[in-house]
Protein chains: 2
Amino acid sequence: MAKKNDAIISKLKNIGEGVLDDVESGHNPSMDIMTRSINNVHFDEASGVIKLGNDRQKRFYFNVNQAKKFLQTLLIAKQIKTLIEQDKPPLSIRQLFYTLKHEIPGAGENTFDVQEESDPIIEDIEAITDTLREDLNLIATPNGVISGPMVVEDKTGDVLDFTRMGSAGGAVPPIVEDDYFHIKEMSADYILVVEKYAVWNLLNQEKYWKKNNCLLMTGKGQPARAERRLLARFAEEFDIPIYIFTDMDPWGYYIYSVYKYGSINLAFFSEKAACPPAKYIGLSVRDVMDFQLPKSSWIKLNDEDNKRIEEISSYPWFQKERWQKELSDLKKFGYKIEQDALVSKSIEFTSNNYLPHKIENKEFLE
Amino acid sequence: MAKKNDAIISKLKNIGEGVLDDVESGHNPSMDIMTRSINNVHFDEASGVIKLGNDRQKRFYFNVNQAKKFLQTLLIAKQIKTLIEQDKPPLSIRQLFYTLKHEIPGAGENTFDVQEESDPIIEDIEAITDTLREDLNLIATPNGVISGPMVVEDKTGDVLDFTRMGSAGGAVPPIVEDDYFHIKEMSADYILVVEKYAVWNLLNQEKYWKKNNCLLMTGKGQPARAERRLLARFAEEFDIPIYIFTDMDPWGYYIYSVYKYGSINLAFFSEKAACPPAKYIGLSVRDVMDFQLPKSSWIKLNDEDNKRIEEISSYPWFQKERWQKELSDLKKFGYKIEQDALVSKSIEFTSNNYLPHKIENKEFLE
């Protein structure tokens, strides 16, 4: 822990020392910033992950357009360093913004006016130091819950047994790195990630995780950083299958892809939070016939859905033949189906029929 | 548990039996439905709670405009009864909708087309049977987390110690009624409800709940049903102060009022989920001077904020003199301040200065 922080502090120091060198050698002080625009983001076929490329830009002090941002970058880097050195609790990026927002004496101007100024700089610093925001002591709000055979020692010293978390399941904490969330035991045969809380709740109440010896997690829709990063850790540390279970619609497919490949707008994070082994368990168009899903549970695709199908069809990470087929089958079928709708077969259908059948027959999309 | 369910089943049966009586006596079959429109909702000064009044309407079978709704009401009541009798796990209201949505044979019409048809009927049945949705085995997604000196025995048999829930805190389950969430021990001196997760997280990381022997909860913004109902249970079962801590803006004040008084659109639920003893601990306009909150943390009120101030100023439950003063002071001041912004004084300011000062000096708004 101390060692990890030492390394991070030294990386943050490097930013300032580079500037100091420039000053001392009479150059225009500058910093190397990774380009985070879409042009420098690519899908890396080999690793199966959305990655930030190597393009860099210089941010100069003596440049009317860059001077304020230059100052802001140093302020944020310094503040993060100080907070880590003083062993302060992690803050949200909004709280960090507030610790830094103040009037510059005599200048009649604020260091920062709105959070839209500090957020991208935090991302710059993540990329410059090759360090996750969470290791810089910054958090985002987590939403997920988990149940199943895993025992974790939390940074607080508390030992959390996820087979004994009651109806609520265990909450995903804001930081899931090893120093905060040390996985002591994990005996699950696989991990099942469920899009919707209501479906997770049904499976949890039925003790699906116990009957099937699996870890059962939901990110409550589009996952937050913590759930994505935790799934990535599971993939790094345990050699067990990971299944993603969502609605049969482009939004559900996209949630799967965010877990598996990452996302364009957080490309730096994606490298560290992607989960390449994740497989899509459903719902998929062939399920409609295979499981005789009743027509009353179909919902007509609307314009927005169709537009979104077009969009994700063009994403490089959806180019595999079977995904292109799935997307065009969905469009042809003309209806979406929610995972909640499986209860129309029977309350137990999801746990007793659908999931076991898909897993037994290895009917996954990848 | 069995007894409670027997009582609920008998109430649900009553609906059908009333209809049967009408049929047998040759009357147009009808049901008494509580009127849930705004005209039948009032703020009850005596209990300090938003309540549904006693107005009722009849829903008839032989009425072109009501026949479908009549049928739907019976279908839902029957389904809820069946699911309870069969001891099924609780469903979301969307899942319940899917269990009932099917084509009526020969009619070429569905029982239900969209969930907007079934949701209000569930509310009707809650009111007819005077039973919370959660006791009808229906859930909404909870969002909250809690830490502090409380031990709960969950319906699963798991014993949950909220002093040992790590960095994440303990998740609020979807049903917090005694049969699901039995509070075995509670030794907190008070309960502090925090609007925002980031502020809850900071206080939790600082072990505020331990240093101050309190229960620390957040509903992550506007609370869901489970957090509201849980706070109401705390007020019913424990004679300790309950403080609500939000942003200084009309949205924060409104969150306080939802916890304390309930809300218009869920008036039936409000009677059972309101928390009359709750006190507003801040942020309030006088804090700006008292704590010298720096100008850099003020945010100019925008049109939407001002409009919302006007709106909540007219609500009956904001008519107390000091709330009217607070609202007009906010308007005059012209700025809002987020609770997150207290970190601009220092990271520890919220836990070491602000909250202890307010509690010691009993500076609450009620």
Side-chain angles (χ1 to χ4, degrees), chain A residues 83 86 88-92 94-103 110-111 139 141-143 145 152 154-160 163-175 180-181 196-199 201-202 204-207 220 294-297 338 340-344 347-348, chain B residues 83 86 88-92 94-103 110-111 139 141-143 145 152 154-156 158-160 163-175 180-181 196-199 201-202 204-207 220 294-297 338 340-344 346-348:
Chain A
L83 294 174
Q86 296 178 351
K88 298 290 187 193
L91 301 182
S92 70
R94 184 143 191 86
Q95 287 169 324
L96 185 77
F97 159 73
Y98 274 122
T99 67
L100 286 170
K101 183 176 193 271
H102 60 80
E103 205 179 302
N110 283 331
T111 48
I139 65 150
T141 299
N143 284 318
V145 284
V152 167
D154 189 272
K155 199 192 179 186
T156 54
D158 295 343
V159 175
L160 307 164
T163 64
R164 304 181 152 273
M165 288 297 186
S167 313
V172 173
I175 303 185
Y180 271 85
F181 196 80
K196 288 188 176 151
Y197 183 83
V199 177
N201 177 63
L202 188 53
N204 186 50
Q205 300 274 356
E206 290 172 317
K207 297 252 186 220
K220 292 182 181 166
K295 184 153 189 204
S296 58
S297 64
E338 293 182 299
D340 319 64
L342 292 178
V343 293
S344 64
I347 308 288
E348 297 80 10
Chain B
L83 294 174
Q86 295 178 351
K88 297 290 185 195
L91 301 182
S92 70
R94 185 145 190 85
Q95 287 169 325
L96 184 77
F97 158 74
Y98 275 122
T99 67
L100 286 170
K101 183 176 192 271
H102 60 80
E103 204 180 302
N110 282 332
T111 49
I139 64 149
T141 300
N143 284 316
V145 285
V152 167
D154 189 273
K155 198 191 180 186
T156 54
D158 294 343
V159 174
L160 307 164
T163 64
R164 304 181 153 275
M165 288 296 185
S167 311
V172 173
I175 302 185
Y180 271 84
F181 196 79
K196 288 186 175 154
Y197 183 83
V199 177
N201 177 63
L202 187 54
N204 186 51
Q205 301 274 354
E206 291 173 315
K207 296 253 185 221
K220 293 182 181 164
K295 182 148 191 209
S296 59
S297 64
E338 293 182 299
D340 318 64
L342 291 179
V343 293
S344 63
S346 83
I347 308 287
E348 298 80 8

Among [options], which has the most heavy-atom pairs under 4.5 Å with chain A?
options: B/L342, B/N110, B/T163, B/D340; answer: B/D340
options: B/L160, B/D158, B/L202; answer: B/D158
options: B/V172, B/L83, B/L91; answer: B/L91
options: B/E206, B/Q86, B/M165; answer: B/M165

ask   = chain A heavy atoms under 4.5 Å from B/K196: which part of the residue, side chain, backbone, both or neither?
value = neither
request  = Answer with side chain, backbone, both or neither: which region of B/L100 has an atom nearer than 4.5 Å to a non-hydrogen atom of chain A?
outcome  = neither
Using heavy-atom distances under 4.5 Å, tell me whether [X] contacts chain B through its side chain, its backbone, both, or neither.
X: A/V199; value: both
X: A/K220; value: side chain
X: A/T111; value: neither

What residue, out of [options], has the most heavy-atom pairs lying under 4.5 Å from chain B?
options: A/N143, A/V145, A/V159; result: A/N143
options: A/S167, A/A171, A/G169, A/S92; result: A/S167
options: A/P89, A/P294, A/G170; result: A/P89

Residues which pass side chain to side chain donor-acceptor pair (under 3.5 Å) with A/Y98, listed by chain and number, not counting sequence neighbours = A/R94, B/E338
Residue list, side chain to side chain donor-acceptor pair (under 3.5 Å) with A/E348, at least two apart or on another chain = B/K88
query = Counting only N and O atoms by type, is there a donor-acceptor contact under 3.5 Å from the side chain of A/Q95 to the main-chain atoms of B/A198?
reply = yes
ask   = Would you find a donor on one side and an acceptor on the other, under 3.5 Å apart, between the side chain of A/S296 and the backbone of B/K101?
value = yes
Criterion side chain to side chain contact (heavy atoms under 4.5 Å, CB included) against B/N201, the qualifying member of A/I175, A/T141, A/I139 = A/I139
query = Would you say B/H102 and A/S344 make side-chain contact, with heavy atoms under 4.5 Å?
reply = no
